[in-house]
Amino acid sequence: MRTAEVAGVGEFCGQEVLLKGWVYNIRSSGKILFILVRDGTGTIQCIVEKASAGGELFDAASGLQQESSIEIRGTVSEDSRAPGGYELQVTGLDVIQIAEDYPITPKEHGMNFLMDHRHLWLRSSRQHAILKIRAGLIRFIREFFDNRGFICVDTPIFTPSACEGTTTLFETDYFGDKAYLTQSGQLYNEANAAAFRKVYCFGPTFRAEKSKTRRHLIEFWMVEPEVAFAELDDIIQLGEDFIVEIVGRSLESYRDLLTDVLERDLAPLERVQPPFPRISYNDAADILKKRETGFVHGGDFGGTDETVLSEGYDRPFFVHRFPAAIKAFYMQPDPEDESLTLSVDLLAPEGYGEIIGGGQRIHDLELLKRRVGEHGLPEKAFEWYLDLRRYGTFPHSGFGLGLERTLAYICGIKHIRETIPYPRLLNRLSP
RNA sequence: GUGGGCGUAGCUCAGGUGGUAGAGCCCUGGAUUGUUGUUCCAGUUGUCACGGGUUCGAAUCCCGUCGUCCACCCCA
(Lines give C-alpha, C1' and ligand atoms only; values in the text may rest on other atoms or scores of the structure.)
Protein backbone atom coordinates (compact mmCIF):
# COMPACT_ATOMS: atom_id res chain seq x y z
CA MET A 1 0.00 0.00 0.00
CA ARG A 2 1.25 3.46 -0.87
CA THR A 3 2.16 5.86 1.91
CA ALA A 4 0.76 9.26 1.00
CA GLU A 5 0.84 12.80 2.29
CA VAL A 6 -2.36 14.77 2.57
CA ALA A 7 -1.07 17.52 0.29
CA GLY A 8 -0.81 15.12 -2.66
CA VAL A 9 -3.65 12.80 -1.82
CA GLY A 10 -5.69 13.80 -4.88
CA GLU A 11 -3.31 11.76 -7.06
CA PHE A 12 -4.47 8.59 -5.33
CA CYS A 13 -8.17 8.97 -6.04
CA GLY A 14 -9.86 5.55 -5.96
CA GLN A 15 -6.79 3.89 -4.45
CA GLU A 16 -6.09 2.69 -0.95
CA VAL A 17 -3.33 4.63 0.84
CA LEU A 18 -1.65 4.87 4.21
CA LEU A 19 -1.57 8.24 5.97
CA LYS A 20 0.40 9.06 9.10
CA GLY A 21 -0.61 12.01 11.19
CA TRP A 22 -2.56 13.45 14.09
CA VAL A 23 -6.25 13.78 14.92
CA TYR A 24 -7.21 17.41 14.46
CA ASN A 25 -10.85 17.02 15.39
CA ILE A 26 -13.39 14.24 15.62
CA ARG A 27 -17.15 14.36 15.16
CA SER A 28 -19.68 11.59 15.35
CA SER A 29 -23.15 11.28 13.99
CA GLY A 30 -24.60 8.00 15.11
CA LYS A 31 -23.18 5.29 12.94
CA ILE A 32 -20.65 7.48 11.17
CA LEU A 33 -17.46 9.10 12.44
CA PHE A 34 -15.70 12.06 10.86
CA ILE A 35 -12.05 12.22 11.83
CA LEU A 36 -10.17 15.28 10.67
CA VAL A 37 -6.56 14.16 10.28
CA ARG A 38 -3.65 16.51 9.77
CA ASP A 39 -0.20 15.35 8.77
CA GLY A 40 1.67 18.66 8.54
CA THR A 41 1.08 18.94 4.80
CA GLY A 42 -2.66 19.42 5.13
CA THR A 43 -5.82 18.05 6.68
CA ILE A 44 -8.23 15.47 5.36
CA GLN A 45 -11.58 14.19 6.54
CA CYS A 46 -11.58 10.45 7.23
CA ILE A 47 -14.86 8.55 7.30
CA VAL A 48 -15.56 5.52 9.47
CA GLU A 49 -18.98 3.96 8.95
CA LYS A 50 -20.02 1.35 11.48
CA ALA A 51 -21.82 -0.80 8.94
CA SER A 52 -19.00 -1.06 6.41
CA ALA A 53 -15.98 -0.72 8.71
CA GLY A 54 -17.04 -3.21 11.37
CA GLY A 55 -17.43 -2.82 15.12
CA GLU A 56 -13.78 -3.23 16.06
CA LEU A 57 -12.48 -0.50 13.78
CA PHE A 58 -15.39 1.75 14.67
CA ASP A 59 -14.74 1.39 18.40
CA ALA A 60 -11.02 2.04 17.97
CA ALA A 61 -11.79 5.17 15.97
CA SER A 62 -14.34 6.43 18.50
CA GLY A 63 -11.70 6.27 21.23
CA LEU A 64 -9.45 8.78 19.45
CA GLN A 65 -8.88 12.15 21.03
CA GLN A 66 -7.56 15.41 19.69
CA GLU A 67 -3.88 15.18 18.64
CA SER A 68 -3.66 11.39 18.99
CA SER A 69 -1.01 10.10 16.60
CA ILE A 70 -2.22 7.48 14.13
CA GLU A 71 -1.54 5.49 11.01
CA ILE A 72 -4.72 5.33 9.02
CA ARG A 73 -5.53 3.37 5.87
CA GLY A 74 -8.35 3.97 3.48
CA THR A 75 -9.59 4.66 0.00
CA VAL A 76 -9.28 8.18 -1.35
CA SER A 77 -12.37 9.65 -2.92
CA GLU A 78 -13.44 13.02 -4.20
CA ASP A 79 -16.42 14.41 -2.30
CA SER A 80 -17.81 17.91 -2.35
CA ARG A 81 -19.09 17.48 1.23
CA ALA A 82 -15.52 17.13 2.53
CA PRO A 83 -13.46 20.17 3.47
CA GLY A 84 -10.62 20.21 0.96
CA GLY A 85 -12.57 18.22 -1.60
CA TYR A 86 -11.10 14.78 -0.83
CA GLU A 87 -11.83 12.31 1.91
CA LEU A 88 -10.67 8.91 3.06
CA GLN A 89 -13.00 5.92 3.48
CA VAL A 90 -11.18 4.26 6.35
CA THR A 91 -10.30 0.58 6.11
CA GLY A 92 -7.76 0.33 8.91
CA LEU A 93 -6.37 2.22 11.87
CA ASP A 94 -3.26 1.82 14.04
CA VAL A 95 -3.03 4.06 17.04
CA ILE A 96 0.50 5.18 17.91
CA GLN A 97 -0.65 7.09 20.96
CA ILE A 98 -3.94 8.33 22.36
CA ALA A 99 -3.28 11.94 23.35
CA GLU A 100 -5.07 12.64 26.60
CA ASP A 101 -6.31 16.10 27.50
CA TYR A 102 -4.61 18.10 24.75
CA PRO A 103 -4.59 21.61 26.22
CA ILE A 104 -5.58 23.58 23.13
CA THR A 105 -9.21 22.76 22.35
CA PRO A 106 -11.07 24.04 19.29
CA LYS A 107 -12.66 26.70 21.53
CA GLU A 108 -11.39 30.07 22.69
CA HIS A 109 -8.18 30.62 24.62
CA GLY A 110 -6.43 33.61 26.11
CA MET A 111 -3.22 34.95 24.63
CA ASN A 112 -1.05 34.12 27.62
CA PHE A 113 -2.25 30.53 27.65
CA LEU A 114 -1.56 30.18 23.94
CA MET A 115 1.90 31.72 24.27
CA ASP A 116 2.71 29.33 27.13
CA HIS A 117 1.75 26.52 24.76
CA ARG A 118 3.44 27.96 21.70
CA HIS A 119 5.10 24.59 21.01
CA LEU A 120 1.63 23.07 20.60
CA TRP A 121 -0.09 26.14 19.21
CA LEU A 122 2.03 25.81 16.05
CA ARG A 123 -0.17 22.86 15.08
CA SER A 124 -3.30 24.97 14.73
CA SER A 125 -4.37 26.03 11.27
CA ARG A 126 -3.81 29.75 11.76
CA GLN A 127 -0.29 29.43 13.13
CA HIS A 128 0.48 26.80 10.53
CA ALA A 129 -0.62 29.18 7.78
CA ILE A 130 1.40 32.12 9.08
CA LEU A 131 4.61 30.11 9.39
CA LYS A 132 4.12 28.53 6.00
CA ILE A 133 3.88 31.99 4.46
CA ARG A 134 6.94 33.00 6.49
CA ALA A 135 8.93 30.17 4.90
CA GLY A 136 7.76 31.31 1.47
CA LEU A 137 8.58 34.93 2.18
CA ILE A 138 12.12 33.97 3.20
CA ARG A 139 12.44 32.12 -0.11
CA PHE A 140 11.10 35.08 -2.13
CA ILE A 141 13.50 37.43 -0.37
CA ARG A 142 16.52 35.23 -1.09
CA GLU A 143 15.49 34.65 -4.68
CA PHE A 144 14.98 38.36 -5.29
CA PHE A 145 18.59 39.07 -4.36
CA ASP A 146 20.10 35.87 -5.72
CA ASN A 147 18.45 36.46 -9.11
CA ARG A 148 19.93 39.94 -9.29
CA GLY A 149 23.52 38.94 -8.75
CA PHE A 150 23.68 39.71 -5.05
CA ILE A 151 26.00 37.49 -3.04
CA CYS A 152 24.77 36.28 0.33
CA VAL A 153 27.63 36.98 2.73
CA ASP A 154 26.90 36.11 6.33
CA THR A 155 27.76 38.55 9.09
CA PRO A 156 28.65 37.53 12.64
CA ILE A 157 26.20 37.26 15.52
CA PHE A 158 28.87 37.87 18.20
CA THR A 159 30.24 41.35 17.68
CA PRO A 160 32.86 43.35 19.55
CA SER A 161 31.11 46.70 19.25
CA ALA A 162 27.82 48.40 18.72
CA CYS A 163 26.68 49.95 15.50
CA GLU A 164 24.00 51.96 17.24
CA GLY A 165 23.33 52.69 20.92
CA THR A 166 24.87 50.35 23.49
CA THR A 167 21.82 50.45 25.76
CA THR A 168 19.96 48.13 23.44
CA LEU A 169 22.75 45.56 23.18
CA PHE A 170 22.84 42.15 24.77
CA GLU A 171 26.16 41.70 26.47
CA THR A 172 27.72 38.26 26.77
CA ASP A 173 30.93 36.91 28.22
CA TYR A 174 33.39 35.96 25.50
CA PHE A 175 36.18 34.10 27.33
CA GLY A 176 36.69 37.02 29.64
CA ASP A 177 36.05 39.71 27.07
CA LYS A 178 32.77 41.42 26.35
CA ALA A 179 30.90 40.52 23.24
CA TYR A 180 27.50 41.70 22.07
CA LEU A 181 24.77 40.00 20.09
CA THR A 182 24.41 41.68 16.74
CA GLN A 183 21.88 44.43 16.15
CA SER A 184 22.60 44.66 12.45
CA GLY A 185 25.03 43.19 9.94
CA GLN A 186 25.45 46.52 8.26
CA LEU A 187 29.02 47.46 9.12
CA TYR A 188 30.23 44.07 7.93
CA ASN A 189 27.98 44.37 4.89
CA GLU A 190 29.90 47.47 3.89
CA ALA A 191 33.18 45.56 3.96
CA ASN A 192 31.55 42.74 2.01
CA ALA A 193 30.21 45.17 -0.60
CA ALA A 194 33.78 46.28 -1.29
CA ALA A 195 34.65 42.66 -1.98
CA PHE A 196 31.52 41.50 -3.85
CA ARG A 197 29.85 44.74 -4.96
CA LYS A 198 26.24 43.62 -4.26
CA VAL A 199 25.73 41.68 -1.06
CA TYR A 200 23.08 40.83 1.48
CA CYS A 201 22.95 39.22 4.86
CA PHE A 202 19.89 37.59 6.35
CA GLY A 203 19.69 36.37 9.88
CA PRO A 204 18.56 37.00 13.43
CA THR A 205 19.29 40.26 15.20
CA PHE A 206 18.88 41.15 18.85
CA ARG A 207 17.75 44.33 20.53
CA ALA A 208 17.45 44.71 24.26
CA GLU A 209 14.79 47.40 23.91
CA LYS A 210 12.52 47.57 26.91
CA SER A 211 9.50 48.20 24.78
CA LYS A 212 6.54 45.92 24.61
CA THR A 213 4.40 46.81 21.67
CA ARG A 214 2.70 44.79 19.00
CA ARG A 215 5.53 45.69 16.60
CA HIS A 216 8.62 44.76 18.64
CA LEU A 217 10.51 41.55 19.11
CA ILE A 218 13.70 41.16 21.13
CA GLU A 219 14.98 38.65 18.58
CA PHE A 220 13.93 39.18 14.98
CA TRP A 221 15.15 38.45 11.47
CA MET A 222 16.42 41.12 9.18
CA VAL A 223 17.58 41.05 5.56
CA GLU A 224 20.11 43.74 4.70
CA PRO A 225 21.32 44.42 1.16
CA GLU A 226 24.30 46.70 0.61
CA VAL A 227 25.34 47.95 -2.83
CA ALA A 228 28.67 49.47 -3.83
CA PHE A 229 28.40 52.70 -5.85
CA ALA A 230 24.66 52.95 -5.17
CA GLU A 231 23.34 56.31 -4.05
CA LEU A 232 20.15 57.13 -2.18
CA ASP A 233 17.86 57.06 -5.21
CA ASP A 234 19.29 53.73 -6.36
CA ILE A 235 18.61 52.11 -3.03
CA ILE A 236 15.08 53.53 -2.90
CA GLN A 237 14.44 52.01 -6.31
CA LEU A 238 15.85 48.68 -5.13
CA GLY A 239 13.56 48.79 -2.10
CA GLU A 240 10.54 49.45 -4.29
CA ASP A 241 11.34 46.61 -6.69
CA PHE A 242 11.97 44.36 -3.72
CA ILE A 243 8.67 45.03 -1.94
CA VAL A 244 6.67 44.77 -5.16
CA GLU A 245 8.19 41.37 -5.87
CA ILE A 246 7.96 39.78 -2.42
CA VAL A 247 4.42 41.02 -1.77
CA GLY A 248 3.36 39.99 -5.28
CA ARG A 249 4.83 36.51 -4.98
CA SER A 250 3.28 36.01 -1.52
CA LEU A 251 -0.08 36.97 -2.91
CA GLU A 252 0.32 34.66 -5.87
CA SER A 253 1.50 31.67 -3.83
CA TYR A 254 -0.61 31.98 -0.70
CA ARG A 255 -3.85 33.54 -1.84
CA ASP A 256 -5.94 30.72 -0.33
CA LEU A 257 -4.21 30.72 3.06
CA LEU A 258 -4.43 34.50 3.23
CA THR A 259 -8.13 34.67 2.49
CA ASP A 260 -9.51 31.40 3.91
CA VAL A 261 -7.40 30.94 7.03
CA LEU A 262 -6.17 34.43 7.88
CA GLU A 263 -9.15 36.34 6.45
CA ARG A 264 -6.81 38.93 4.99
CA ASP A 265 -8.39 41.61 2.81
CA LEU A 266 -6.25 41.30 -0.32
CA ALA A 267 -7.20 44.62 -1.89
CA PRO A 268 -4.48 46.63 -0.08
CA LEU A 269 -1.88 44.04 -1.15
CA GLU A 270 -3.09 44.11 -4.75
CA ARG A 271 -2.37 47.84 -4.76
CA VAL A 272 1.32 47.29 -3.96
CA GLN A 273 2.38 48.41 -7.44
CA PRO A 274 5.08 50.85 -8.53
CA PRO A 275 5.71 53.65 -8.21
CA PHE A 276 5.55 54.16 -4.43
CA PRO A 277 5.16 57.75 -3.26
CA ARG A 278 8.42 59.39 -2.10
CA ILE A 279 8.15 62.28 0.30
CA SER A 280 10.84 64.13 2.19
CA TYR A 281 10.96 64.30 5.96
CA ASN A 282 10.35 68.05 5.78
CA ASP A 283 7.24 67.62 3.63
CA ALA A 284 5.98 64.92 5.97
CA ALA A 285 6.59 67.27 8.90
CA ASP A 286 4.48 69.97 7.19
CA ILE A 287 1.61 67.51 6.78
CA LEU A 288 1.82 66.51 10.44
CA LYS A 289 1.96 70.11 11.63
CA LYS A 290 -1.45 70.79 10.06
CA ARG A 291 -2.93 67.72 11.72
CA GLU A 292 -1.78 68.50 15.27
CA THR A 293 -0.51 65.02 16.14
CA GLY A 294 1.89 66.36 18.74
CA PHE A 295 4.76 65.86 16.32
CA VAL A 296 7.80 68.02 16.95
CA HIS A 297 9.87 69.01 13.92
CA GLY A 298 13.29 67.40 14.16
CA GLY A 299 12.00 64.35 16.04
CA ASP A 300 11.11 60.90 14.88
CA PHE A 301 7.59 59.88 13.89
CA GLY A 302 5.35 58.35 16.52
CA GLY A 303 2.70 55.71 15.91
CA THR A 304 -0.06 58.25 15.27
CA ASP A 305 2.23 60.28 12.99
CA GLU A 306 2.81 57.22 10.82
CA THR A 307 -0.92 56.50 10.73
CA VAL A 308 -1.76 60.08 9.71
CA LEU A 309 0.88 60.03 6.96
CA SER A 310 -0.22 56.65 5.63
CA GLU A 311 -3.82 57.84 5.34
CA GLY A 312 -2.69 59.93 2.38
CA TYR A 313 -1.51 56.92 0.38
CA ASP A 314 -3.00 53.65 -0.84
CA ARG A 315 0.31 51.76 -0.89
CA PRO A 316 3.66 51.68 0.93
CA PHE A 317 5.55 54.97 0.72
CA PHE A 318 9.08 56.24 1.27
CA VAL A 319 10.08 59.05 3.60
CA HIS A 320 13.59 60.31 2.90
CA ARG A 321 16.16 62.81 4.18
CA PHE A 322 15.70 62.56 7.95
CA PRO A 323 17.57 64.98 10.23
CA ALA A 324 21.08 63.85 11.10
CA ALA A 325 20.27 64.24 14.80
CA ILE A 326 17.92 61.25 14.84
CA LYS A 327 19.89 58.93 12.56
CA ALA A 328 22.92 56.71 12.94
CA PHE A 329 26.47 58.12 12.79
CA TYR A 330 27.29 56.64 9.38
CA MET A 331 24.52 58.39 7.41
CA GLN A 332 25.74 60.53 4.49
CA PRO A 333 24.78 64.21 4.84
CA ASP A 334 22.45 65.69 2.23
CA PRO A 335 24.64 67.96 0.05
CA GLU A 336 21.77 70.45 -0.19
CA ASP A 337 21.27 70.68 3.58
CA GLU A 338 23.99 69.37 5.88
CA SER A 339 21.55 69.00 8.78
CA LEU A 340 19.74 66.29 6.83
CA THR A 341 20.91 62.83 5.82
CA LEU A 342 20.52 60.72 2.72
CA SER A 343 18.38 58.26 4.66
CA VAL A 344 15.09 56.56 3.88
CA ASP A 345 12.34 54.62 5.61
CA LEU A 346 9.54 52.68 3.98
CA LEU A 347 6.23 52.86 5.80
CA ALA A 348 3.63 50.18 5.18
CA PRO A 349 -0.03 51.18 5.14
CA GLU A 350 -2.83 49.92 7.41
CA GLY A 351 -0.92 50.84 10.54
CA TYR A 352 1.98 48.43 10.00
CA GLY A 353 4.50 51.25 9.98
CA GLU A 354 8.19 51.11 9.28
CA ILE A 355 9.35 47.95 7.56
CA ILE A 356 12.49 49.30 5.85
CA GLY A 357 15.17 51.64 7.14
CA GLY A 358 18.32 52.55 5.25
CA GLY A 359 20.26 55.09 3.28
CA GLN A 360 23.56 56.16 1.85
CA ARG A 361 26.68 55.72 4.02
CA ILE A 362 29.45 58.23 4.63
CA HIS A 363 32.43 57.36 2.45
CA ASP A 364 34.73 60.25 3.41
CA LEU A 365 37.29 59.16 6.01
CA GLU A 366 37.61 62.46 7.87
CA LEU A 367 33.88 63.04 8.12
CA LEU A 368 33.28 59.51 9.34
CA LYS A 369 36.02 59.86 11.99
CA ARG A 370 34.40 63.07 13.15
CA ARG A 371 30.98 61.39 13.43
CA VAL A 372 32.40 58.49 15.39
CA GLY A 373 33.76 61.03 17.85
CA GLU A 374 30.56 63.08 17.98
CA HIS A 375 28.55 59.99 18.83
CA GLY A 376 30.95 59.10 21.62
CA LEU A 377 31.96 55.83 19.98
CA PRO A 378 35.37 54.26 20.60
CA GLU A 379 37.41 54.96 17.46
CA LYS A 380 39.69 52.02 18.20
CA ALA A 381 36.84 49.53 17.80
CA PHE A 382 35.96 51.11 14.48
CA GLU A 383 39.46 51.00 12.95
CA TRP A 384 38.58 48.15 10.63
CA TYR A 385 35.45 50.02 9.56
CA LEU A 386 37.47 53.16 8.89
CA ASP A 387 39.85 51.04 6.78
CA LEU A 388 37.02 50.76 4.24
CA ARG A 389 37.39 54.53 3.75
CA ARG A 390 41.20 54.34 3.65
CA TYR A 391 41.58 51.71 1.00
CA GLY A 392 39.48 52.45 -2.05
CA THR A 393 36.53 54.23 -0.51
CA PHE A 394 33.36 54.27 -2.55
CA PRO A 395 29.84 55.67 -2.26
CA HIS A 396 27.46 52.92 -1.15
CA SER A 397 23.98 52.43 0.18
CA GLY A 398 21.81 49.77 1.70
CA PHE A 399 18.80 49.06 3.85
CA GLY A 400 17.37 46.62 6.35
CA LEU A 401 13.97 44.99 6.13
CA GLY A 402 12.33 43.44 9.19
CA LEU A 403 11.05 40.02 8.21
CA GLU A 404 8.44 39.72 10.94
CA ARG A 405 6.96 43.18 10.40
CA THR A 406 6.73 42.50 6.70
CA LEU A 407 5.08 39.14 7.36
CA ALA A 408 2.61 40.73 9.79
CA TYR A 409 1.73 43.22 7.07
CA ILE A 410 1.31 40.59 4.36
CA CYS A 411 -0.76 38.32 6.62
CA GLY A 412 -2.76 41.20 8.08
CA ILE A 413 -2.16 40.11 11.66
CA LYS A 414 -2.19 42.54 14.53
CA HIS A 415 0.64 41.34 16.74
CA ILE A 416 4.15 40.50 15.63
CA ARG A 417 4.44 37.66 18.18
CA GLU A 418 2.59 35.31 15.82
CA THR A 419 5.03 35.87 12.96
CA ILE A 420 8.00 33.98 14.42
CA PRO A 421 7.90 30.38 15.68
CA TYR A 422 9.22 31.12 19.15
CA PRO A 423 8.91 34.83 19.90
CA ARG A 424 11.31 36.41 22.34
CA LEU A 425 9.49 39.26 24.05
CA LEU A 426 10.28 41.52 26.97
CA ASN A 427 8.54 39.16 29.38
CA ARG A 428 8.87 35.93 27.53
CA LEU A 429 11.80 33.64 26.92
CA SER A 430 9.92 30.34 26.84
CA PRO A 431 9.09 27.97 25.33
C1' G B 1 9.92 52.37 32.26
C1' U B 2 4.73 55.32 32.30
C1' G B 3 -0.81 54.96 32.12
C1' G B 4 -5.20 51.79 32.06
C1' G B 5 -7.67 46.87 32.38
C1' C B 6 -7.68 41.86 34.22
C1' G B 7 -6.14 37.44 37.73
C1' U B 8 -12.58 32.60 40.00
C1' A B 9 -12.65 24.65 37.52
C1' G B 10 -7.66 22.00 32.65
C1' C B 11 -9.73 26.27 29.01
C1' U B 12 -13.17 30.77 28.18
C1' C B 13 -15.90 33.46 31.49
C1' A B 14 -20.45 34.95 34.98
C1' G B 15 -20.73 35.92 40.08
C1' G B 16 -25.59 44.61 41.59
C1' U B 17 -25.15 47.15 47.26
C1' G B 18 -20.21 41.44 51.82
C1' G B 19 -23.60 35.67 53.95
C1' U B 20 -17.70 29.87 52.46
C1' A B 21 -19.23 29.46 44.27
C1' G B 22 -21.75 28.73 38.80
C1' A B 23 -22.25 28.25 33.03
C1' G B 24 -20.20 26.62 28.45
C1' C B 25 -16.09 23.91 26.52
C1' C B 26 -12.83 19.60 27.61
C1' C B 27 -13.42 14.55 29.59
C1' U B 28 -16.82 9.99 30.70
C1' G B 29 -21.57 7.37 29.48
C1' G B 30 -25.94 7.44 26.20
C1' A B 31 -28.99 9.13 21.48
C1' U B 32 -28.77 10.70 16.09
C1' U B 33 -25.74 7.64 8.39
C1' G B 34 -22.89 13.04 6.09
C1' U B 35 -20.81 15.99 10.10
C1' U B 36 -18.38 21.15 8.82
C1' G B 37 -15.99 24.75 15.96
C1' U B 38 -22.24 18.83 14.80
C1' U B 39 -26.56 18.73 18.02
C1' C B 40 -29.30 16.67 22.33
C1' C B 41 -29.52 14.08 27.49
C1' A B 42 -26.76 12.69 32.11
C1' G B 43 -22.26 12.96 35.15
C1' U B 44 -16.96 14.47 37.32
C1' U B 45 -13.87 19.14 38.46
C1' G B 46 -12.07 24.70 42.86
C1' U B 47 -5.72 27.27 48.02
C1' C B 48 -11.71 32.38 44.05
C1' A B 49 -3.14 34.85 42.09
C1' C B 50 -0.35 35.69 46.84
C1' G B 51 0.27 38.41 51.67
C1' G B 52 -1.94 41.61 55.12
C1' G B 53 -6.21 44.65 56.90
C1' U B 54 -11.66 46.03 57.94
C1' U B 55 -15.84 42.75 59.57
C1' C B 56 -19.63 38.18 63.42
C1' G B 57 -18.60 36.88 58.24
C1' A B 58 -14.55 38.69 52.20
C1' A B 59 -14.31 35.89 45.47
C1' U B 60 -16.79 40.66 46.68
C1' C B 61 -14.35 46.44 50.42
C1' C B 62 -9.05 48.63 51.55
C1' C B 63 -3.45 48.32 51.20
C1' G B 64 0.79 45.85 49.24
C1' U B 65 3.27 42.12 46.09
C1' C B 66 3.46 39.20 41.79
C1' G B 67 1.64 37.77 37.03
C1' U B 68 -0.75 39.12 32.59
C1' C B 69 -3.16 42.02 28.57
C1' C B 70 -3.65 46.80 25.99
C1' A B 71 -1.66 51.69 24.86
C1' C B 72 2.73 55.02 24.85
C1' C B 73 8.27 56.08 24.33
C1' C B 74 11.96 53.64 20.88
C1' C B 75 13.20 51.02 16.53
C1' A B 76 13.03 46.86 11.73
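Every chain is numbered from 1, with letters handed out A, B, ... down the list of sequences.
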What is the distance, rounded to the nearest whole Å, between atom [atom1] of [X] and atom [atom2] of [N]?
X	N	atom1	atom2	answer
A:E224	B:C75	CD	P	16 Å
A:K327	B:C75	NZ	P	7 Å
A:I141	B:A76	CD1	P	16 Å
A:R405	B:C75	CZ	C1'	6 Å
A:E219	B:C75	CD	C1'	16 Å
A:E49	B:U35	CD	C1'	12 Å
A:L425	B:C75	CG	P	20 Å
A:L401	B:A76	CG	C1'	8 Å

Nearest-Å distance once atom [atom1] is located in both [N] and [M]:
N	M	atom1	value
B:G15	B:G52	P	28 Å
B:A49	B:U60	P	8 Å
B:C41	B:A23	P	13 Å
B:G3	B:U44	P	47 Å
B:U47	B:G43	C1'	25 Å
B:A59	B:A9	P	14 Å
B:G53	B:G10	C1'	33 Å
B:U45	B:G24	P	15 Å

Ring geometry between A:Y281 and A:H297 (parallel below 30°, tilted from 30 to 60°, perpendicular above 60°): perpendicular
Mutual orientation of the aromatic rings belonging to A:F329 and A:Y385 [parallel < 30°, tilted 30-60°, perpendicular > 60°]: perpendicular
Looking only at N and O atoms, is any donor in the side chain of [X] or the base of [N] less than 3.5 Å from an acceptor on the other one?
X	N	answer
A:Q45	B:U35	yes
A:R27	B:U35	yes
A:R214	B:C72	no

Heavy atoms from C-beta onward define the side chain here; which of [options] lies closest to that of [X]?
X	options	answer
A:A51	B:C75, B:C70, B:U33	B:U33
A:E306	B:C73, B:C75, B:C69	B:C75
A:R207	B:U33, B:C75, B:U35	B:C75
A:F220	B:A76, B:C70, B:G34	B:A76
A:S29	B:C74, B:C75, B:G34	B:G34
A:E354	B:A76, B:U38, B:U12	B:A76

Name the nucleic acid region contacted by [X], choosing base, sugar-phosphate or nothing; use a 4.0 angstrom heavy-atom cut-off, strictly under.
X	answer
A:N427	sugar-phosphate
A:T213	base
A:P83	base
A:K50	nothing
A:R428	nothing
A:G353	nothing
A:L403	nothing
A:H117	nothing

Ring centers of A:F301, A:F295 separated by less than 6.0 Å: yes
Residue list, ring pair (Phe, Tyr, Trp, His ring centres under 6.0 Å) with A:F220, at least two apart or on another chain: none
Salt bridge (charged side-chain N to carboxylate O under 4.0 Å, His left out) contacts in which one or both residues fall within residues 90-106 of chain A, not counting sequence neighbours: A:R73-A:D94
Any pair counted as salt bridge (charged side-chain N to carboxylate O under 4.0 Å, His left out), so long as it reaches residues 409-420 of chain A, sequence neighbours left out: A:R126-A:E418
Contacts of type salt bridge (Lys or Arg N to Asp or Glu O under 4.0 Å), residue A:R118, not counting sequence neighbours: none
Partner set under salt bridge (Lys or Arg N to Asp or Glu O under 4.0 Å) for A:R27, not counting sequence neighbours: none
Hey, does [Y] have a side-chain heavy atom less than 4.5 Å from the side chain of [X]?
X	Y	answer
A:F145	A:F202	no
A:V244	A:F276	yes
A:I96	A:E71	yes

Pair A:N192-A:Y200, side-chain donor/acceptor within less than 3.5 Å: no
Test log, rule ring pair (Phe, Tyr, Trp, His ring centres under 6.0 Å), inputs A:F206 and A:F170: CA-CA 7 Å; A:F206 308 87; A:F170 279 101; 7.0 Å; no
Protein proximity profile, nucleotides 24-31 of chain B - base contact B, sugar-phosphate-only contact S, no contact -, cut-off 4.0 Å on heavy atoms: -SSSS---
Would you mind writing out the side-chain donor-acceptor pairs for residues 128-144 of chain A within the sub-3.5 Å range, not counting sequence neighbours?
unit_1, atom_1, unit_2, atom_2, d
A:H128, NE2, A:G40, O, 3.0
A:R134, NH1, A:E404, OE2, 2.9
A:R134, NH1, A:T419, O, 2.8
A:R134, NH2, A:E404, OE2, 3.3
A:E143, OE1, A:R249, NH1, 2.7
A:E143, OE1, A:R249, NH2, 3.0

Position toward the 5' end of RNA chain B (nearest nucleotide), A:D305 or A:I218: A:D305
For A:E311, side-chain contact (heavy atoms from CB on, under 4.5 Å) partners two or more places apart: A:R291, A:T307
A:S397: partners by side-chain contact (heavy atoms from CB on, under 4.5 Å), with sequence neighbours left out: A:A230, A:I235, A:Q360
Nucleotide N/O to protein N/O under 3.5 Å, stretch nucleotides 5-9 of chain B:
none

For RNA chain B, the residues among residues 86-97 of chain A that have a non-hydrogen atom under 4.0 Å from it: A:E87, A:Q89
Within 6.0 angstrom of A:E5 CD, more than 12 heavy atoms from elsewhere: no
Ranges pairing with ranges for RNA chain B, where each run has three or more Watson-Crick or G-U pairs under 3.5 Å: B:1-7 with B:66-72, B:10-13 with B:22-25, B:27-31 with B:39-43, B:49-53 with B:61-65
